[in-house]
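First listed ligand is number 1; within each ligand, the first listed atom is number 1.
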Amino acid sequence: MGGSAGKETDGGSSNTPVEHDAKEVRMVLVGKTGSGKSDTGNSILLKTGKSEDKPFKVELCGESVTQHCSCSTNEVFGHKVVIVDTPGLFDTKKKNLETLKELSRFMLLVQPGPHAIILVLRVGRLTNEIQQTIFLLMKLFKEDAYKYMILLFTGKDFLVRENKTLERFLQEVPADIKDVVRKCEKRCIAFNNWANEDEKKKQVKELLDMVESMVTKNGGNCYVSDLQEKLNQLVTSEDLENPDLFREKVLHENPTSNASWMWKALVAVANAFGWDM
Ligand SMILES: Nc1nc2c(ncn2[C@@H]2O[C@H](COP(=O)(O)OP(=O)(O)OP(=O)(O)O)[C@@H](O)[C@H]2O)c(=O)[nH]1
Ligand SMILES: [Mg+2]
């Protein structure tokens, strides 16, 4: 998987060529609070064991558990998989500095662009939840995002209990979700994050195979939207050489002055949304 990254048609930016990601598979997890993003992130990275050893915090609670974007990496079936987990950012309508910071972090963590945008939805909880997430995704990535999108339904255990296949379940989802399923060419997968290790590995393999054929279809490239390209230009060649270190820097960076690169990222995101700073 993963030829060299870059815009589908090369944008010509001096920072665009990125050899370092030859073996990286970058996936972003987006979706509503409580849909199971963090649990899915741990499953994909094959992080089982005790919860304190898992990179992403998971809890059964009504409030947002994940407060900030985070990122973790592991070698999975021969690929260096990078997962960017997001807070309930994608169901917010808040136009504030915190939202802007997290959206900027999200785009910088996945630099130079995602190979897969995983939209996480929860079986049995599908009411009016997709529009706001799609709205934000389209601001960040535009319509082309569908070409890189996979719908991942957590709660496969509920389907199994009801003896229902994913295909049957998809016939019953609301029209707006059917529309997204169609736009992303029916790339859908069900996950049980509470499954045993063998079952989890099988699911992850199925997902990676799906990502692999999508990446091949996309010419081996990750997705670089216009906004992503603007943010990529803020990344120095030194940062490009060590992506793990750069991601650490992004996680801890706080825009303190309007001359800082993180602030410039914020302004680019705000402009894409048509928000005043
Ligand atoms: N039964 C079942 N529960 C799941 C599954 N996936 C996740 N959960 C549970 O759903 C709850 C929420 O999961 P999280 O991963 O914290 O959800 P999240 O989307 O990261 O939530 P925020 O961080 O608040 O945005 C937890 O109790 C998980 O254990 C699944 O496949 N089956
Ligand atoms: Mg979470």
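The backbone N or O of Gly113 lies less than 3.5 Å from a partner atom in the side chain of Arg26, making a donor-acceptor pair. At least one donor-acceptor pair closer than 3.5 Å links the side chain of Asn218 to the backbone N or O of Lys147.
Residues satisfying the salt bridge (Lys or Arg N to Asp or Glu O under 4.0 Å) criterion with Lys101, sequence neighbours excluded, are Glu98.
Residue Lys202 places its NZ atom among 12 or fewer non-hydrogen atoms of other residues, nucleotides or ligands, all under 6.0 Å distant.
Taking backbone and side-chain atoms together, Thr86 has no N/O/S atom less than 2.8 Å away from the Mg ion (ligand 2).
For ligand 1, the atoms sitting less than 4.0 Å from at least one non-hydrogen atom of Lys32 are 19 (O), numbered in the order shown with element in parentheses. Contact atoms of ligand 1 toward Phe191: 31 (O) (distance under 4.0 Å to a heavy atom of the residue). In the vicinity of Phe158, heavy-atom distances shorter than 4.0 Å reach the ligand 1 atoms 1 (N).
Polar contact check, Asp157 against ligand 1: a nitrogen or oxygen pair lies under 3.5 Å apart. Taking only nitrogen or oxygen atoms, main chain and side chain alike, Val58 does not reach within less than 3.5 Å of ligand 1. Looking at ligand 1, you'll find an N or O of Ser35 within less than 3.5 Å of one of its N or O atoms. Residue Lys37 places at least one N or O, backbone or side chain, under 3.5 Å from an N or O of ligand 1. Checked by distance only, ligand 1 and Arg122 come closer than 3.5 Å through their nitrogen or oxygen atoms. At least one N or O atom of Gly36, backbone or side chain, sits closer than 3.5 Å to an N or O atom of ligand 1. Of the polar atoms of Asn193, at least one N or O is found under 3.5 Å from an N or O of ligand 1, judged by distance alone. Annotation: Asp85 places no N or O atom under 3.5 Å from an N or O atom of ligand 1; distance criterion only. When only interatomic distances are considered, the shortest N/O to N/O separation between Gly155 and ligand 1 falls below 3.5 Å.
A salt bridge links Lys205 with Asp209; the closest basic N to acidic carboxylate O contact falls under 4.0 Å. Between Arg168 and Glu172 a salt bridge is recorded (basic side-chain N to carboxylate O distance below 4.0 Å). In summary, Lys201 and Asp198 do not engage in a salt bridge, as defined by a charged side-chain N under 4.0 Å from a carboxylate O.
Exactly one of Asp85, Leu119, Leu136, Ile134 qualifies for a side-chain contact (heavy atoms from CB on, under 4.5 Å) with Val30. That residue is Leu119. Partner of Cys69 under the side-chain contact (heavy atoms from CB on, under 4.5 Å) criterion, chosen from Thr86, Leu29, Leu103, Val110: Thr86.
Using a 4.0 angstrom heavy-atom cutoff, Phe56 does not count as in contact with ligand 1.
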